Each structure stands twice: as C-alpha cells, then as structure tokens.
Amino acid sequence: MKKSAAAPDAAASAPARERLIESTRQLLWDRGYLGTSPTAILRRSGVGQGSMYHHFDGKPALALAAEQRSAHLMQTRIREVFSGGGSALEKIVAYLLLERDVLRGCSVGRLAGDPDVIADDALRTPVKETFAVLLDCLTEAVTEAQAAGDLDPRLRPERTAATLAAVVQGGYALARAEQSDEPFIRAVRGALDLLGVDTDEATAAPGREGG
C-alpha cells in the first residue's frame with residue numbers, strides 16, 4: 001500500500017523518550033554496549049542531546065531501559081508460544097521453529113556475551129530474567145510432554161530445557177560464523193531429532209525477532 005505523502009514517519013513522530021529507547025535497543029542488538037555511543041543514539045533517534053539527558057541520567061540508564069524493552073518483548077513472545085494451543089510437545093516444537101532473524105541473532109542473548117553488560121548487575125538482570133522465563137517454560141513443557149507419553153520419561157526436564165535453550169543460542173553463533181541460516185537450521189533439526197520429532201518438513205525460517 002502506498003504511503004500518503006502527508007503521513008508522518010512513525011519513528012520520527014514517536015515521543016522522544018520512546019525513540020531514544022528503541023534506537024538504543026537496536027544499537028545494543030547490533031553493536032553491543034561499547035559500540036552504542038551517545039552520539040550514535042542521538043543520530044539514530046533524531047533526538048537532541050538536551051532531550052536525551054532530560055529523560056535519562058546517562059548512557060547506563062538508557063541502556064537499561066532498552067534492555068528491559070528487549071527482555072519484555074522476548075518474554076512476551078516466549079509466553080505466547082507456551083500458553084498457546086496444542087500439546088506440550090507441539091509447543092516445544094513451535095518454540096524451536098519460531099521465525100527468527102538468524103544472522104542478527106537474539107536481541108537478549110547477544111548481550112550475554114557483552115563484557116560490559118555482564119560486569120554490571122543491573123544490566124545483566126534483564127538477560128538473566130529472560131532466560132529464567134524461557135527455562136521455566138521449557139522445563140514445564142518437557143514435564144507435561146513426558147506425562148502425556150510424548151517424550152522419553154528418562155529425560156531430565158531441567159537438563160533438557162537447558163539443552164534446548166543452548167541449541168538456539170549456539171545456533172545463532174554458528175550461523176553468524178558462516179553468515180548463513182543453514183547451521184542454525186541444522187542445530188534446531190538436530191534438537192528435534194533428539195526429541196524424536198520428525199524433522200523432514202521442519203524449517204527454522206529467518207524473519208521476525210525471536211528468542
């Protein structure tokens with residue numbers, strides 16, 4: 001659909017605080033904490049320096065708000081998958097096959113490898129909390145799938161949940177190293193093989209932001 005010439009750009013018309021948070025979120029995702037300079041934030045958001053420091057005390061406070069936004073988005077998507085319809089095993093499969101921007105990686109997971117984030121308890125907390133949500137959802141789903149007879153009862157739910165989470169995050173790293181989605185898809189299909197799920201038709205398509 002053609003955009004009306006009179007229609008304002010959505011990003012430009014958003015409140016300054018919102019533009020600062022979203023611009024910082026995108027920069028953290030792509031560049032990490034060190035590479036997200038105040039100058040880069042101001043340039044991307046189109047907000048003046050005075051406005052930036054009116055809304056936030058400095059870069060750490062703005063980065064935390066941006067991290068919390070990414071964490072909220074990822075946690076919401078995770079909960080949507082695991083609260084949806086279908087069996088527990090189908091929910092696990094649905095999570096593994098979520099559409100993801102594979103080469104860009106996980107907006108939260110990439111921060112776990114950022115030394116400036118990990119060294120700061122406040123900045124690390126949204127990352128830690130997000131993975132806790134994921135592990136809780138996966139553990140519960142594995143337990144329910146075992147009770148339904150869909151998964152091997154010998155599996156230990158907490159260990160299996162951690163393995164599945166690691167497959168996704170590790171798959172991102174493999175894909176970025178090769179600059180191809182294929183390593184990620186192979187990793188996810190391998191996880192499904194281990195769960196006893198037929199992967200002949202399974203695909204992990206790149207696309208939206210995912211966890």
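Just so you know, these numbers come straight off a predicted model, no measurement behind them. Just so you know, residue 1 is the first one in the sequence shown, and it goes up from there.
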Under 3.5 Å donor-acceptor, [X] side chain and [Y] backbone:
X: R19; Y: G46; result: yes
X: K59; Y: P38; result: no
X: Q146; Y: L155; result: yes
X: R176; Y: L103; result: yes
X: R100; Y: L96; result: yes

Do [X] and [Y] come close enough that some side-chain heavy atom pair is under 4.5 Å?
X: H72; Y: Q68; value: no
X: L42; Y: S51; value: no
X: L195; Y: L164; value: yes

For R156, which residues count as a salt bridge (Lys or Arg N to Asp or Glu O under 4.0 Å) partner, sequence neighbours excluded? none
Validate the cation-pi geometry between R110 and Y33: distance from NZ or CZ to the six-membered ring centre under 6.0 Å, angle to the ring axis within 45°. no
In Å, rounded to the nearest 0.5 Å, how long is the span from OG of S107 to CG of D30? 10.5 Å
How many angstroms lie between atom CG of D114 and atom CZ of R124, to the nearest 0.5 angstrom? 13.0 Å
Among L62, V127, I21, side-chain contact (heavy atoms from CB on, under 4.5 Å) partner for E67: V127
Looking at G171 and F184, what are the two nearest heavy atoms and their distance? C-CD1, 3.4 Å
Does a side-chain N-to-carboxylate-O contact under 4.0 Å join R77 and E80? no
Go through the steps for R69 and E18 under the test side chain to side chain contact (heavy atoms under 4.5 Å, CB included), then give the verdict. CA-CA 10 Å; R69 171 71 56 79; E18 171 63 25; 3.0 Å; yes
